[in-house]
Amino acid sequence: MVHRIIEWSLRNRFIVLVMSAALFAWGIFAVKKNPIDAIPDLSENQVIVFTEWMGRGPQLIEDQVTYPLVTNLQGLPRIKYVRGASMFGMSFIYVIFNDDVDIYWARERVLERLSTVARTLPTGVTPQLGPDGTGVGHILWYTLDAPGMDLGEQRALQDWYIKFALQNVEGVSEIASFGGFQKQYQITVDPNKLLYYRLSVAEVMSAIRTNNNESGGRKFELSDIGYIIKTSGYLKSVAEIENIPVKTQNSIPIRIADVAAVQMTGETRLGIFDQDGRGERVGGIVVMRYGENADAVIDKVKAKMKEVSKGFPEGVKFDIVYDRGALIKESVDSIRHTLIEEMIVVSVVVIIFLFHWRSALSIIIQIPITLAASFILLNAFGISSNIMSLTGIALAIGVIVDNGIIMSENAYKHLAERYALWEAQQKRK
């Protein structure tokens with residue numbers, strides 16, 4: 001079979017050259033299309049289910065949230081196993097699927113099962129899916145350099161302006177905010193005053209929930225004019241919360257201000273983010289979507305950050321603290337230079353040892369064509385251009401030229417034997 005292929009190739013050289021050129025052109029297209037990253041993504045094919053139930057201990061979370069979710073998610077199709085982790089106020093479920101399962105198909109299956117499992121969980125507990133990213137999806141970290149703003153204002157700028165803008169970038173799965181203070185209204189109830197007015201905490205909570213609500217009416221006509229009735233009930237200030245009536249005693253309303261202190265403050269924090277020992281910072285983490293080109297996504301995010309920074313208050317700017325794009329460029333450039341050096345060295349060695357430019361050229365041509373064709377296979381198997389894959393290609397250059405050298409030497413041997421036989425026949429004549 002091999003002899004027939006070689007014979008056919010020798011008889012149809014033009015067709016072989018055209019096919020080689022087409023393969024090389026396809027390989028160049030594959031090189032441009034292949035995603036670039038610094039490190040290979042070896043994470044498992046998983047879907048994360050996150051459930052928050054603040055104020056509860058790990059054991060209660062384990063019994064009433066984690067265990068029911070784990071037992072109900074174990075029956076999903078094409079699944080390997082399910083892992084669960086419980087901590088204070090939070091539960092994490094890691095659903096691991098087979099490697100050949102499409103990640104979005106897996107997320108749909110998990111979401112379908114959660115729609116039925118949620119009824120068995122405590123009231124107010126709602127599980128939600130994690131971002132469609134992987135363990136190596138953190139491609140960019142940034143902080144805000146805002147010397148004239150307090151941490152609460154910086155966090156508000158991050159959550160209500162920057163986050164929404166960067167999430168629209170193609171390939172970004174999530175913008176995870178960190179640092180600063182998340183503004184909220186806090187109501188501190190005085191238990192002695194509750195006892196004096198004969199009230200309970202549940203009554204105070206019910207009064208606040210009831211008053212923080214929008215309700216609609218209906219349309220009616222008066223003098224041939226249509227009127228639409230609605231009420232605006234959302235609380236917008238500390239004074240509005242303080243004036244909410246909880247109960248009426250002896251025709252005198254008891255307000256929130258009579259039994260509690262209302263203030264605007266930050267949410268309770270479990271940690272802080274300090275940068276280089278210079279104080280607290282507010283920022284975000286850019287999480288890349290599964291299977292995207294990390295280098296292209298980083299460039300798009302940086303372009304969007306320049307656009308977003310135009311709307312910042314004076315003196316505020318981005319400070320990038322982690323950028324995988326620089327690591328990607330340095331890694332790829334290093335491997336590219338190594339490949340070029342190896343190709344030059346191999347070409348020189350082949351020319352010196354064979355000392356025949358046509359044979360050397362036929363061997364050297366194999367290197368770029370084989371390298372270009374390898375990227376076709378990388379795209380077919382969903383492998384990105386990273387340190388591991390490019391290093392493997394660099395190590396294989398010696399193997400690539402071995403076949404051509406062996407075939408050329410074998411051809412020389414047979415030609416030399418035939419030439420010696422021909423000379424012997426000529427001498428006899």
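All figures in this text were calculated on a predicted structure; none of them were measured in a lab. Every heavy atom of this structure was used, including side-chain atoms; hydrogens, water molecules and symmetry mates were not.
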Any donor-acceptor pair under 3.5 Å from Ser309 side chain to Lys317 backbone: no
Does any N or O in the side chain of Ser206 come within less than 3.5 Å of the main-chain N or O of Glu203, such that one atom is a donor and the other an acceptor? no
Minimum side-chain heavy-atom gap Ile162-Phe312 below 4.5 Å: yes
Gap separating the CG atom of Leu140 from the OH atom of Tyr322, nearest 0.5 angstrom: 9.0 Å
Say you draw a straight line from CZ of Arg83 to OG1 of Thr66; how long is it, rounded to the nearest 0.5 Å? 15.0 Å
Within 6.0 angstrom of Tyr67 OH, more than 12 heavy atoms from elsewhere: no
Determine yes or no for a side-chain-to-main-chain donor-acceptor pair under 3.5 angstrom, with Asp150 supplying the side chain and Gly180 the backbone. no
Quick one: closest heavy-atom pair of Ser91 and Ile61, and the distance? CB-CG2, 3.6 Å
Within the 4.5 Å heavy-atom criterion, are Leu195 and Pro191 side-chain neighbours or not? no
Side-chain ion pair, Arg255 and Asp258, N-O less than 4.0 Å: yes
Between Asp319 and Thr143, is there a donor-acceptor pair closer than 3.5 Å when you use the side chain of the first and the backbone of the second? no
Side-chain contact test, heavy atoms from C-beta onward, threshold under 4.5 Å: evaluate it for Val95 versus Ile79 and give yes or no. yes
Tyr290 vs Tyr104, ring-ring contact (aromatic ring centres under 6.0 Å, His included): CA-CA, chis, key distance, verdict: CA-CA 9 Å; Tyr290 180 86; Tyr104 296 103; 7.2 Å; no
Considering only heavy atoms from C-beta outward, does the side chain of Val110 approach that of Ile93 to under 4.5 Å? no
Taking Gln154 for the side chain and Met149 for the main chain, is one N or O donor matched with an acceptor at less than 3.5 Å? yes
Is Tyr94 reaching over with its side chain to a backbone N or O of Tyr81, donor-acceptor style, under 3.5 angstrom? no
The test is side-chain contact (heavy atoms from CB on, under 4.5 Å); show your working for Ile175 and Tyr142 and say whether it passes. CA-CA 11 Å; Ile175 304 296; Tyr142 65 87; 3.6 Å; yes
Evaluate the side chain to side chain donor-acceptor pair (under 3.5 Å) criterion for residues Gln186 and Thr265: first the C-alpha distance (whole Å), next the side-chain angles of each, then the deciding distance (0.1 Å), finally the verdict. CA-CA 7 Å; Gln186 287 189 358; Thr265 183; 4.6 Å; no
Met288 vs Val136 side-chain heavy atoms within contact, under 4.5 Å: no
Does the distance from a Lys or Arg side-chain N to an Asp or Glu carboxylate O, for Glu292 and Lys300, drop under 4.0 Å? no
Is any side-chain heavy atom of Phe318 less than 4.5 Å from a side-chain heavy atom of Leu144? yes
Apply side-chain contact (heavy atoms from CB on, under 4.5 Å) to residues Tyr196 and Val259 and explain how you reach the verdict. CA-CA 9 Å; Tyr196 176 79; Val259 296; over 6 Å; no
Tell me which donor-acceptor pairs under 3.5 Å the side chains of residues 114-129 have, and how far apart each pair is, sequence neighbours excluded?
residue, atom, partner, partner atom, Å
Ser115, OG, Glu112, O, 2.4
Thr116, OG1, Arg113, O, 2.8
Thr120, OG1, Val117, O, 2.7

Main-chain N/O of Gly325 paired to Asp323 side chain as donor or acceptor, under 3.5 Å: yes
Test Asn45 against Asp99 for side chain to side chain donor-acceptor pair (under 3.5 Å), laying out the working first. CA-CA 6 Å; Asn45 198 8; Asp99 294 335; 5.7 Å; no
Note, Leu23 side chain near Ile376 side chain (heavy atom, < 4.5 Å): yes
I'd like to know if the side chain of Asn98 and the backbone of Asp100 have a donor-acceptor N/O pair within less than 3.5 Å. no
Is the shortest heavy-atom distance from the side chain of Val169 to the side chain of Val286 under 4.5 Å? no
With no hydrogens and no angle check, is any side-chain donor or acceptor of Arg155 less than 3.5 Å from a backbone partner on Glu153? no
Measure the acute angle between the ring planes of Trp105 and Phe97, then classify it against the limits of 30° and 60° as parallel, tilted or perpendicular. perpendicular
Donor-acceptor contact present, side-chain Asn72 to main-chain Pro68, <3.5 Å: yes
